[in-house]
Trainee: 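Handing you a structure now.
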Amino acid sequence: MRIRIINANTSAAMTDKMGVAALNVARPGTEIIAVNPASGPLTIESHFDETVAAVGVCEEIRAGEAAGTDAYVIACFGDPGLYAARELTHAPVIGIAEAAFHMASLIATRFSVVTTLGRTAIMAERLLHEYGMGIRCRKVRAAEIPVLALEHEADTAYRLIEAECLRARDEDGIGAIVLGCGGMADLAARLQYSLGLPVVEGVAAAVALAESLVTLKLQTSKFGDLAAPPAKPFTGEFARYSR
Ligand SMILES: O=C(O)C[C@H]1NC(=O)NC1=O
């Protein structure tokens with residue numbers, strides 16, 4: 001099977017990191033294609049960034065449809081464009097936040113999330129409730145690092161993330177931790193060893209779920225709000241979407 005990992009930001013280094021994380025867990029015979037939009041925010045740290053990035057996510061879905069894709073992963077913890085992406089394909093589309101929340105809930109009664117910035121922690125809290133997972137999450141914590149620090153100040157970023165994870169483990173009454181950024185895709189094993197409790201990373205979780213859905217022949221439903229968008233004219237730079 002072929003799975004397209006869509007890093008919603010435009011950091012090629014982060015895309016490569018996510019591709020490695022996906023390959024590390026993919027079954028033999030699963031082809032991983034890791035991509036990011038050509039246009040969009042270098043990192044995603046706000047509602048505005050997410051809104052702009054969602055267009056690029058949908059462009060990558062359109063490209064995946066042309067190339068033949070069995071499942072998609074939206075590798076950004078805000079799951080930007082998730083529902084629009086699901087409208088554009090019959091293939092499963094898995095957001096790394098939704099995947100991580102569900103995987104964590106299967107191995108622990110309660111979990112906490114550790115993400116980058118306080119403002120994106122609030123966005124993750126909204127997602128938890130949107131996905132019906134609010135009751136399972138004790139706290140969404142922020143290491144207070146910009147996303148790019150994961151690339152340019154990796155050692156400092158790791159120490160801050162690890163310290164916040166330790167506080168979550170010791171204060172929140174949890175059984176697992178969810179890493180709240182696709183850019184943390186390479187940190188799960190090291191943190192799990194350091195913390196001594198399960199650390200769930202969204203790219204790996206999403207790949208495992210995507211493979212399961214393809215194996216079960218379960219595709220995105222076209223009954224209801226995930227049916228293909230109604231055909232209509234689009235104007236200006238989006239004229240290419242006219243049908
Ligand atoms: O770190 C975050 O707040 C989440 C999100 N931002 C981004 O550029 N990739 C992410 O996974």
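Start at 1 and go down the list; that is how both ligands and their atoms are numbered.
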Trainee: Would you compute the distance between atom CE of Met18 and atom CD1 of Ile32 and round it to the nearest 0.5 angstrom?
Mentor: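 Here the interatomic distance stands at 13.0 Å.
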Trainee: Taking 4.0 angstrom as the limit and counting only heavy atoms of Phe77, give me the atoms of ligand 1 inside it, by number and element.
Mentor: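 Contacts of ligand 1 toward Phe77, numbered from 1: 4 (C), 5 (C), 10 (C), 11 (O).
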Trainee: Distance under 4.0 Å to a non-hydrogen atom of Gly182: what atoms of ligand 1 satisfy this?
Mentor: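 In order of numbering, the contacting atoms are 10 (C), 11 (O).
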Trainee: Using the ring of each side chain (for Trp, its six-membered ring), is Phe77 parallel, tilted or perpendicular to Phe101, with breaks at 30° and 60°?
Mentor: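 Geometry flag for Phe101 against Phe77: perpendicular rings.
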Trainee: Would one find an N or O of Ile44, backbone or side chain, under 3.5 Å from an N or O of ligand 1?
Mentor: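 Checking ligand 1 against Ile44, an N or O pair does fall under 3.5 Å apart.
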Trainee: For the backbone of Ile96 and the side chain of Asp79, can you confirm whether one donor and one acceptor N or O come within less than 3.5 Å of each other?
Mentor: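 Yes, because the side chain of Asp79 sits within donor-acceptor range (under 3.5 Å) of the backbone of Ile96.
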Trainee: What part of Thr116, side chain, backbone, both or neither, has a heavy atom within less than 4.0 angstrom of ligand 1?
Mentor: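 Within the 4.0 Å criterion, Thr116 contacts ligand 1 through side-chain atoms alone.
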Trainee: Between Glu151 and Ser11, does any side-chain donor sit less than 3.5 Å from a side-chain acceptor?
Mentor: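 No - no donor-acceptor pair under 3.5 Å links their side chains.
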Trainee: For Gly78, state whether at least one heavy atom is located under 4.0 Å from any atom of ligand 1.
Mentor: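 Gly78 does not count as a contact of ligand 1 under the 4.0 Å cut-off.
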Trainee: Side-chain contact test, heavy atoms from C-beta onward, threshold under 4.5 Å: evaluate it for Arg27 versus Thr215 and give yes or no.
Mentor: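 Side chain of Arg27 against side chain of Thr215, heavy atoms only: contact under 4.5 Å found.
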Trainee: Starting from atom 1 (O) of ligand 1, locate the nearest protein heavy atom and write down its residue, its atom name and how far away it is, to 0.1 Å.
Mentor: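 Going by distance alone, atom 1 (O) of ligand 1 is nearest to Cys181 SG, 3.0 Å.
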Trainee: So is Leu117 in contact with ligand 1, going by heavy-atom distances below 4.0 Å?
Mentor: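 So Leu117 does not count as touching ligand 1.
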Trainee: Number the atoms of ligand 1 from 1 as they appear, then name those within less than 4.0 Å of a heavy atom of Thr120, with their elements.
Mentor: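 This gives 3 (O) as the contact atoms.
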Trainee: Just let me know how Asp49 lines up against ligand 1, side chain, backbone, both or neither, with a heavy-atom cut-off below 4.0 Å.
Mentor: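 No part of Asp49 comes within reach of ligand 1.
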Trainee: Mark up the atoms of ligand 1 that fall under 4.0 Å of a heavy atom belonging to Asn9, in ascending order.
Mentor: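 Near Asn9, the atoms of ligand 1 are 7 (C), 8 (O), 9 (N).
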Trainee: Quick check: is Ile3 connected to Leu23 through a chain of hydrophobic side chains (ILVMFWY, heavy atoms under 4.5 Å apart)?
Mentor: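 Yes, Leu23 connects to Ile3 through the hydrophobic network.
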Trainee: Between Glu50 and Pro80, is there a donor-acceptor pair closer than 3.5 Å when you use the side chain of the first and the backbone of the second?
Mentor: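 A pair under 3.5 Å: no.
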